[in-house]
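In what follows, a structure is listed as structure tokens, so that the remarks can point back to it.
Every chain is numbered from 1, with letters handed out A, B, ... down the list of sequences. Values below: all heavy atoms of this structure, side chains included; hydrogens, waters and symmetry mates excluded.
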There are 2 protein chains.
Amino acid sequence: MDAGARGDSPTGADPKEYVGRIGSIESIRLNYQVMTDEARNETPAQRPTLAAVAALAGVSRSTASLAFSGSGPVAATTREKVMAAAATLGYGGPDPMARSLRRGRSGIVGVVVEDRLRDAFRDPMNIAMLDGLADETGTMGSALLLLTDTAEENAPISTAPMDAVVLVGCSTRLDASVEVLRQRGIPIVAIEAEPMAGVLDVALDNQEASAAGARHLFELGHRDVAVVTLPLGAAHASGPLMPDWEERATAFTAAERLRGVLKVFASIRGWMAPASSTASGYTAGIALLTQPEGRPTAIIAQSDLLALGVIRAAEELGLNVPDDVSVLGFDGIRTDGYGTGELTTLVQPAVEKGRAAGRAIARLLAGEEPPAVQLRSALRIGATTAAPRP
Amino acid sequence: MDAGARGDSPTGADPKEYVGRIGSIESIRLNYQVMTDEARNETPAQRPTLAAVAALAGVSRSTASLAFSGSGPVAATTREKVMAAAATLGYGGPDPMARSLRRGRSGIVGVVVEDRLRDAFRDPMNIAMLDGLADETGTMGSALLLLTDTAEENAPISTAPMDAVVLVGCSTRLDASVEVLRQRGIPIVAIEAEPMAGVLDVALDNQEASAAGARHLFELGHRDVAVVTLPLGAAHASGPLMPDWEERATAFTAAERLRGVLKVFASIRGWMAPASSTASGYTAGIALLTQPEGRPTAIIAQSDLLALGVIRAAEELGLNVPDDVSVLGFDGIRTDGYGTGELTTLVQPAVEKGRAAGRAIARLLAGEEPPAVQLRSALRIGATTAAPRP
DNA sequence: TTGTAAGCGTTATCAG
DNA sequence: CTGATAACGCTTACAA
């Protein structure tokens with residue numbers, strides 16, 4: 001079967017497809033009981049409150065509060081009385097909503113991704129970033145709230161409790177989200193976004209790194225180079241890169257990487273991929289390597305997944321990488337050895353992006369004014385680039 | 001370079017590695033200003049409250065509240081007055097913490113995954129599930145809070161505001177989390193978990209589906225079959241499957257799938273993979289296909305990623321799939337054509353798992369008692385299974 | 001070390 | 001249609 005022609009879903013699941021095909025849901029077992037038995041008693045059996053616990057323990061609400069939060073001196077015996085009372089009442093700790101209202105902190109950090117979650121999480125860099133972010137927010141006792149960039153009136157982004165927000169995915173469309181968040185007075189950290197006033201920037205050297213990669217190819221002797229870009233516009237359109245790309249580009253990262261390449265190769269052929277995936281890379285590779293004008297001696301892909309697809313396309317066309325065509329990636333994912341040698345690529349500190357964002361948030365919430373963060377990528381020369389055939 | 005021998009990280013980023021190698025963080029630009037200028041004025045410049053808006057508009061708090069929530073009749077002119085006042089004050093809508101305290105709902109649904117996020121999100125099935133879940137919770141106006149299964153005292157799982165929780169990843173270790181959540185009185189939905197009292201189950205027919213897959217191989221004539229399992233225990237150990245596996249198994253899904261296979265092939269060779277990845281599958285494949293006792297004629301992998309790794313191992317050993325060895329997967333991911341034909345596998349409705357969980361939560365929060373959900377997988381016969389060589 | 005009192009910002013209920 | 005009043009459950013000065 002031919003490679004990569006089957007679309008981009010990593011889930012393998014267009015849900016409708018399965019609902020039809022599998023017959024899907026059957027409701028058979030019934031091992032769930034809410035405590036509705038209690039709930040339907042004359043006593044409403046509401047969750048017990050701290051007040052109730054205090055009463056049973058024979059202490060004041062404030063003392064009981066201290067016993068739980070530990071933010072004040074409480075006699076050991078008193079604490080035990082409180083805990084005992086809590087246990088008999090089945091009190092599960094202070095109500096987070098009341099506590100957050102009183103304290104003015106929710107312990108929640110929002111993560112805004114564009115589009116659907118599955119698109120965001122398809123990119124290994126985003127996952128790595130999220131992991132780094134979770135690491136840092138975890139140490140400050142906060143959890144991550146997943147938000148999508150919807151413009152709807154009552155979307156969680158405008159109603160959910162949050163102490164701060166991280167913007168991921170670099171589309172200009174996040175403008176609307178920024179507006180809402182600013183209005184709400186929530187501190188914003190953006191990762192790889194076009195700098196905006198009032199938004200703390202965690203930046204990657206996309207342009208410089210791409211230029212360095214292009215220079216590597218130039219120095220190897222390449223003069224006819226093509227580029228496969230990440231989606232440049234919101235439309236996620238696919239096809240040849242047009243000269244007027246810059247006017248319509250909304251994706252900051254992709255645009256920056258392209259500008260970097262253009263600093264080295266002023267005029268260049270290009271193909272816009274609709275997503276960062278091997279399948280899209282394959283399509284782009286076939287297109288670029290079978291052009292009537294003759295094929296380029298090197299292809300710069302804006303992500304490693306795209307690069308892997310390009311390599312597969314080359315192999316399928318009977319071309320040797322790197323002898324017939326060099327391929328350069330971006331990201332530095334583990335390529336798991338897809339039959340090829342290690343990818344020549346620009347390794348970016350993805351986890352560190354998240355960590356930096358998390359640390360920035362911690363400082364922001366502490367009332368500091370942390371500076372913007374600039375991270376750097378490194379060219380890793382692998383086995384997929386070499387001098388062109390003479 | 002040989003395939004798959006490089007570990008499992010899809011992020012390509014052991015952070016420490018990069019911090020050292022790239023030099024990492026530089027703080028250069030400074031385009032962020034909090035409104036600390038205001039904040040340090042004599043006027044505290046706090047967020048305006050609904051009371052302030054009401055005062056400026058010359059109406060009562062309750063009327064202003066109605067104007068925003070729309071949950072009551074308000075004269076058009078009054079509403080406009082309120083909105084105007086809000087605009088001049090820069091009021092960004094009701095405070096979510098106060099609102100949730102008053103309403104008794106946070107609009108937040110927790111998602112508990114085991115271990116680190118990157119492990120959870122490496123599995124395409126989890127991402128698909130999450131997408132389906134987000135779909136449903138989105139329509140009910142809730143957002144997803146990412147939680148990890150930590151036993152720490154003040155972990156978000158025991159302090160974060162949540163209306164309900166979904167348990168993902170099937171380890172028995174989630175017991176502690178369940179205990180906490182039950183104590184807090186938060187409704188729990190578990191996906192593919194061992195049934196527990198008070199936990200609504202969204203189940204997959206892992207055992208039956210695996211048996212069906214095994215039967216397919218049996219009917220093709222296979223008698224010497226090996227299995228590559230997902231991690232069975234918390235240790236994520238790797239190596240030959242021991243006879244006493246069942247006693248130590250904590251991973252419900254993996255155990256169920258194995259039991260299903262054993263219903264057809266009572267005695268079977270096995271290899272336990274440390275993760276669901278092509279790299280782990282490759283390792284397992286090499287091990288099983290180079291055993292001194294001779295190689296099996298078919299290998300059952302408990303996930304598609306494992307299956308792809310096994311196939312790569314076979315190819316590298318000069319074996320043809322399916323003629324020399326048949327390979328069966330589980331999940332039904334898009335395999336993106338890794339040089340092989342379409343995988344024979346058990347297609348599971350991953351997105352639907354999340355949807356079902358979301359719907360169950362909606363009903364739970366509406367005070368209903370929804371029944372458990374049972375989903376089914378389907379055997380998809382591809383090009384990687386065939387009759388063994390005579 | 002413990003208790004008292006005063007909210008945090010909203011919304012629900014009920015009169016007007 | 002609008003307004004007064006009373007919670008929601010908790011924390012934290014401050015006083016004892």
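- A salt bridge is defined here as a Lys NZ or Arg NE, NH1 or NH2 lying under 4.0 Å from an Asp or Glu carboxylate O, and A:Arg184 with A:Glu179 fails to meet this definition.
- For the pair B:Thr77 and B:Arg102, both in contact range of DNA chain D, the more 5′-proximal nearest nucleotide belongs to B:Thr77.
- Contact between the side-chain N/O atoms of A:Ser60 and the OP1/OP2 oxygens of C:dG3 is found at a separation under 4.0 Å.
- Overall, the helix from C:dT1-D:dA16 to C:dG16-D:dC1 carries an axis bend of 30° between its ends, with five pairs at each end and the value rounded to 10°.
- Between the P atom of D:dG9 and the CZ atom of A:Arg47 lies a distance of 11 Å, rounded to the nearest Å.
- Between B:Ser65 and C:dT11 there is a side-chain N or O to OP1 or OP2 distance below 4.0 Å.
- A salt bridge does not link B:Arg47 to B:Asp95: none of the charged side-chain nitrogens sits closer than 4.0 Å to a carboxylate oxygen.
- Using a 4.5 Å heavy-atom cutoff, the side chains of B:Thr148 and B:Val112 are not in contact.
- Heavy atoms of B:Ser100 sit nowhere under 4.0 angstrom from any nucleic acid atom.
- Atoms CG (A:Asp95) and C1' (D:dC8) sit 8 Å apart, rounded to a whole Å.
- Atom pair B:Phe68:CZ and D:dT2:C1' shows a separation of 17 Å (rounding to whole Å applied).
- In this structure, A:Ser62 reaches the bases: a heavy-atom distance under 4.0 Å links it to at least one base atom across the strands shown.
- To the nearest angstrom, C1' of C:dA6 lies 10 Å from CZ of A:Arg61.
- As rounded to whole Å, 13 Å separates atom P of C:dG9 from atom CG of B:Leu89.
- Between the CE atom of B:Met97 and the P atom of C:dT11 there is a distance of 14 Å, given to the nearest Å.
- At most 12 non-hydrogen atoms from other residues, nucleotides or ligands lie less than 6.0 angstrom from CD of B:Glu152.
- At the heavy-atom level, A:Tyr91 lies under 4.0 Å from the strands shown only through sugar-phosphate atoms.
- Looking at heavy-atom distances under 4.0 Å, B:Pro73 makes contact with a base.
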